[in-house]
Q: 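Sharing a structure, written as structure tokens. Questions coming.
Both backbone and side-chain heavy atoms feed into the values below; hydrogens, waters and symmetry mates do not.
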Amino acid sequence: TPTIPHKPIKYTDLSIFLCKRYIMRLKANTALFFVALIWGSSFITQGIAAQYHIAYIFNGASFLLGGLILRPFISHKSKISRGQWKWMLIAGLILFLATAFQQVGIFYTKIANASFLTSLFIVITPFLLWIGFRERPHWVDVLSITMAIIGAYFLSTAGIGIKIQLGDGLEILGAIFWGMHIVILGKFASKYDTLSFASGHFIITGILNLLVGFFLEDAKLLLVLPVALATLYRGLLSVGVGYTLQVWSQNHTSPTDAALILGLESVFAATFAWLILEQTLLPLQILGSVIIFIAILLSQFKTLRTEKNV
């Protein structure tokens, strides 16, 4: 029987495009994994600063450094309009409040609590959009926020009583402002140059924190070696490198991939807190953390369904 010669496979322009797109998406998701790792480990630097009872000058120095690090990467052609100044000031003020509540909250709670409660912004954001922009939440959002409230209760109280601990309450307030920050970036910052807006509102956040810190805290504590190293790590890696990688990655992957991978930040933070600071959680607190994490994953389910239908 004569053999049928195999024709060489010809890659069409479309297949080459899809292959390159898949590889780029894989690279982007890998980068986001390292962003989550950096941000999770950055909670340890915040824990170090909390041991010295400093919040504002630590936040200020970190965000000022992170904002300045981004300046060389901004196009010289990028001009800041009056509208950009307005929204940078608003975003900077909201970020100042978010970071202040988060860092002061760490004075009174564990790193794991702070990281998981901060991640509540993911399930809070749809309701902020509903309040501010009449964008009705999906039924999945209602289920997610219900689970998140239950998880936050277990994490904060360990099932003992109904009183939320002070530090955990501050973290929840911070999560609301983190959600507001996400809304501002999504609705208004996208109109302007990404790095210019990021750098500008980081610097504003840094200045606001420093102004408060100079009145309430001892600025000399920034020169203490552990605090100085923590500030450099958070400013250079968490704010500077982390944000830059996030911006690049989210241009090459789906919002669902980004949200799910970045959700690992709280897991990494709890792991580092256990390994480095020897902070542990009670069984019901671990259950609360798991419930919050599931609520975050569930909140992305509607996005995944939408992407599949596109």
Q: So, do Ile291 and Phe116 sit near enough that their side-chain heavy atoms are less than 4.5 Å apart?
A: no
Q: Where do Val212 and Phe96 come nearest, in terms of heavy atoms and distance?
A: CG2-CZ, 3.9 Å
Q: Would Ile74 and Asp193 satisfy side-chain contact (heavy atoms from CB on, under 4.5 Å), going step by step from the backbone distance to the final call?
A: CA-CA 8 Å; Ile74 299 173; Asp193 179 77; 4.1 Å; yes
Q: A side-chain contact here means heavy atoms from C-beta on lying under 4.5 Å apart; do Ile204 and Met88 qualify?
A: yes
Q: Return yes if some donor-acceptor pair links the side-chain N/O of Thr45 with the main-chain N/O of Ser41 below 3.5 Å, else return no.
A: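 Checked: no pair found.
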Q: Would you kindly confirm whether Val104 and Leu216 end up in one hydrophobic cluster when ILVMFWY residues are joined by side chain heavy atoms under 4.5 Å apart?
A: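 Both belong to a single hydrophobic cluster.
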Q: Ignoring hydrogens, what is the shortest heavy-atom contact between Ile106 and Ala114? Give both atom names and the distance.
A: CG1-CB, 3.8 Å
Q: What distance separates Leu237 CG from Ile38 CD1, expressed to the nearest 0.5 Å?
A: 5.5 Å
Q: Return the minimal non-hydrogen interatomic distance between Phe43 and Ala269, and the atom names on each side.
A: CD1-CB, 3.8 Å
Q: Please find the pair of heavy atoms, one from Phe197 and one from Trp87, that lie closest to each other, and give the distance.
A: CZ-O, 3.5 Å
Q: Nearest 0.5 Å please: distance from the CD1 atom of Ile44 over to the CZ atom of Phe268.
A: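 Separation between the atoms: 13.0 Å.
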Q: Got a donor-acceptor contact below 3.5 angstrom from the Ser266 side chain to the Ser115 backbone?
A: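 No.
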Q: Out of curiosity, Ile48 CD1 to Ile54 CD1, how far, rounded to the nearest 0.5 Å?
A: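 Here the interatomic distance stands at 10.5 Å.
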Q: Give a yes or no on whether Phe73 and Leu245 share a hydrophobic cluster (residues Ile, Leu, Val, Met, Phe, Trp, Tyr; joining criterion: side-chain heavy atoms under 4.5 Å apart).
A: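 Yes, one cluster joins them.
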Q: Any ring pair (Phe, Tyr, Trp, His ring centres under 6.0 Å) involving residues 209-240? Give me the pairs, sequence neighbours left out, ordered by first then second residue.
A: none
Q: What are the two closest non-hydrogen atoms of Tyr52 and Pro226, and how far apart are they?
A: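 For Tyr52 and Pro226, the tightest heavy-atom pair comes out as OH-CG, 3.6 Å.
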Q: Rounded to the nearest 0.5 Å, what separation is found between the CD atom of Gln285 and the CG atom of Asn113?
A: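 Gln285 atom CD to Asn113 atom CG measures 5.5 Å (nearest 0.5 Å).
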Q: I'd like to know if the side chain of Thr118 and the backbone of Ala175 have a donor-acceptor N/O pair within less than 3.5 Å.
A: no
Q: Can you list everything that forms a ring pair (Phe, Tyr, Trp, His ring centres under 6.0 Å) with Phe63? Sequence neighbours excluded, please.
A: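 Partners of Phe63 under the ring pair (Phe, Tyr, Trp, His ring centres under 6.0 Å) test: Phe202.
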Q: Taking it one step at a time, do Ile176 and Phe127 satisfy side-chain contact (heavy atoms from CB on, under 4.5 Å)?
A: CA-CA 10 Å; Ile176 295 174; Phe127 295 91; over 6 Å; no
Q: Give me the one residue out of Thr99, Ile124, Leu97, Leu128 that meets side-chain contact (heavy atoms from CB on, under 4.5 Å) with Phe177.
A: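 It is Leu97, the one option of Thr99, Ile124, Leu97, Leu128 that forms the side-chain contact (heavy atoms from CB on, under 4.5 Å) with Phe177.
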Q: Quick one: CD1 on Ile90 to CG on Leu95, what's the gap to the nearest 0.5 Å?
A: 13.5 Å
Q: Check the side chains of Ser196 and Gln84 for a donor-acceptor pair under 3.5 angstrom, ignoring hydrogens and angles.
A: yes
Q: Does some side-chain heavy atom of Leu236 sit less than 4.5 Å from a side-chain heavy atom of Ile69?
A: yes
Q: Keeping Ser238 on the side-chain end and Gly235 on the backbone end, is there a donor-acceptor pair under 3.5 Å?
A: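 It does not hold such a pair.
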Q: Taking a hydrophobic cluster as the set of Ile, Leu, Val, Met, Phe, Trp and Tyr residues connected by side-chain heavy atoms closer than 4.5 Å, whether directly or through intermediates, do Ile182 and Trp130 fall within one such cluster?
A: yes
Q: Please name all residues satisfying side-chain contact (heavy atoms from CB on, under 4.5 Å) with Leu222, sequence neighbours left out, ordered by chain then number.
A: Ile57, Ala61, Val227, Thr231
Q: Where the side chain of Glu217 meets the backbone of Tyr56, is there a donor-acceptor pair that is under 3.5 Å apart?
A: yes
Q: Taking atom CG of Leu89 and atom CH2 of Trp85, what is their separation to the nearest 0.5 Å?
A: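 The CH2 atom of Trp85 is 7.0 Å from CG of Leu89, to the nearest 0.5 Å.
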Q: With the 4.5 Å side-chain cut-off for hydrophobic clustering, are Leu26 and Leu32 part of the same group?
A: no
Q: Taking all non-hydrogen atoms of both residues, which atom of Ile94 and which atom of Met180 are closest, and how far apart?
A: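 Smallest interatomic distance, heavy atoms only, reads CG2-CB, 3.9 Å.
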Q: By the definition side-chain hydrogen bond (donor to acceptor under 3.5 Å, both in side chains), identify the one residue from Gln46, Gln102, Arg234 that meets it with Asn59.
A: Arg234
Q: Does the side chain of His201 come within less than 4.5 Å of Leu93's, by heavy atoms?
A: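 No, side chains not in contact.
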Q: Linking I/L/V/M/F/W/Y whenever their side-chain heavy atoms sit closer than 4.5 Å, directly or via other members, would Leu68 and Leu232 fall into one cluster?
A: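 Leu68 does not cluster with Leu232.
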Q: Do Leu129 and Lys187 pass the side-chain contact (heavy atoms from CB on, under 4.5 Å) test, and can you show the C-alpha distance, the side-chain angles, and the key distance before you say yes or no?
A: CA-CA 10 Å; Leu129 288 169; Lys187 291 293 184 181; 3.7 Å; yes
Q: Using 30° and 60° as the class boundaries, would you call the ring planes of His181 and Trp178 parallel, tilted or perpendicular?
A: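 The arrangement is perpendicular - the two ring planes meet at more than 60°.
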